[in-house]
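The structure appears below as structure tokens.
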Amino acid sequence: EKNSTIIEKVFKTKESVNDLHYSIVLKNDTVDNRTKLFSFLDNFDLMDISQKHPIYFQFIPQKLVDKIIYNEEIKFEK
């Protein structure tokens, strides 16, 4: 299963030279779904690029999606 299937929306929320900050709204916000995304981060952290371009995730409840201040909404291809 692709991670994109569990995600409702993703927003790039902070603009920084090296860091990547994302706010994520899950279709079903469960520990299992969060763990799937954290495992991606764990794998990313093992790569050399993670030192230059760290990624940060923040989970947002669906009911607060309209309050997110963001630079860009990330769209997935279907």
Side-chain angles (χ1 to χ4, degrees):
E1 177 181 39
K2 289 176 147 183
N3 285 340
S4 61
T5 62
I6 64 170
I7 296 173
E8 182 74 32
K9 293 183 178 262
V10 178
F11 301 94
K12 188 172 182 187
T13 46
K14 289 187 185 171
E15 200 63 52
S16 156
V17 176
N18 295 325
D19 297 359
L20 300 169
H21 293 259
Y22 295 98
S23 290
I24 298 171
V25 180
L26 295 172
K27 289 179 181 175
N28 190 8
D29 194 348
T30 64
V31 171
D32 186 46
N33 284 343
R34 287 182 179 217
T35 300
K36 288 175 185 174
L37 295 178
F38 285 133
S39 69
F40 163 80
L41 281 181
D42 289 343
N43 288 328
F44 182 80
D45 284 344
L46 297 174
M47 295 188 272
D48 291 337
I49 194 170
S50 70
Q51 301 307 308
K52 247 186 216 180
H53 300 284
I55 294 178
Y56 301 98
F57 285 172
Q58 164 181 310
F59 294 100
I60 306 291
Q62 285 187 349
K63 64 183 176 187
L64 297 178
V65 71
D66 59 343
K67 306 242 188 275
I68 299 171
I69 298 170
Y70 62 92
N71 297 330
E72 176 184 358
E73 182 175 353
I74 309 301
K75 301 284 189 178
F76 295 107
E77 290 188 12
K78 306 250 180 200

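Quick caveat, the model's predicted, so the values are computed rather than measured. The analysis underlying the following values was restricted to heavy atoms, covering all of them including side chains, and did not include hydrogens, waters or symmetry mates.
- Close placement of the Phe38 and Phe59 rings is indicated, their centers lying within 6.0 Å of each other.
- For Tyr70 against Lys12, the heavy-atom pair with the smallest separation is CB-O, 3.5 Å.
- Clustering ILVMFWY residues whenever any of their side-chain heavy atoms sit less than 4.5 angstrom apart, transitively, puts Ile24 in a cluster other than the one holding Ile68.
- Considering every non-hydrogen atom in both Gln62 and Leu26, the closest pair reads NE2-O, 3.1 Å.
- Within 6.0 Å of the CD1 atom in Ile69, the count of heavy atoms belonging to other residues, nucleotides or ligands does not exceed 12.
- Under the rule for a salt bridge (Lys or Arg N to Asp or Glu O under 4.0 Å), Asp66 has no partner lying at least two apart in sequence or in another chain.
- In this structure, the side chain of Asn33 does not engage the main chain of Ile6 through any donor-acceptor pair within 3.5 Å.
- Not a single side-chain hydrogen bond (donor to acceptor under 3.5 Å, both in side chains) links Asp32 to another residue, sequence neighbours left out.
- Leu20 and Phe11 fall into different hydrophobic clusters, where Ile, Leu, Val, Met, Phe, Trp and Tyr are joined by side-chain heavy atoms under 4.5 Å apart, directly or via other members.
- Follow the hydrophobic side-chain contacts under 4.5 Å out from Tyr22 and you never reach Tyr56; the two are in separate clusters.
- Of all heavy-atom pairs between Leu41 and Phe57, the closest is CD1-CD1, 3.6 Å.
- Shortest non-hydrogen contact noted between Val65 and Ile60 is N-CG2, 4.5 Å.
- The salt bridge (Lys or Arg N to Asp or Glu O under 4.0 Å) analysis of residues 22-31, with sequence neighbours excluded, yields the pairs Asp29-Arg34.
- No continuous path of hydrophobic side-chain contacts links Val25 to Leu37 [ILVMFWY only; heavy atoms under 4.5 Å].
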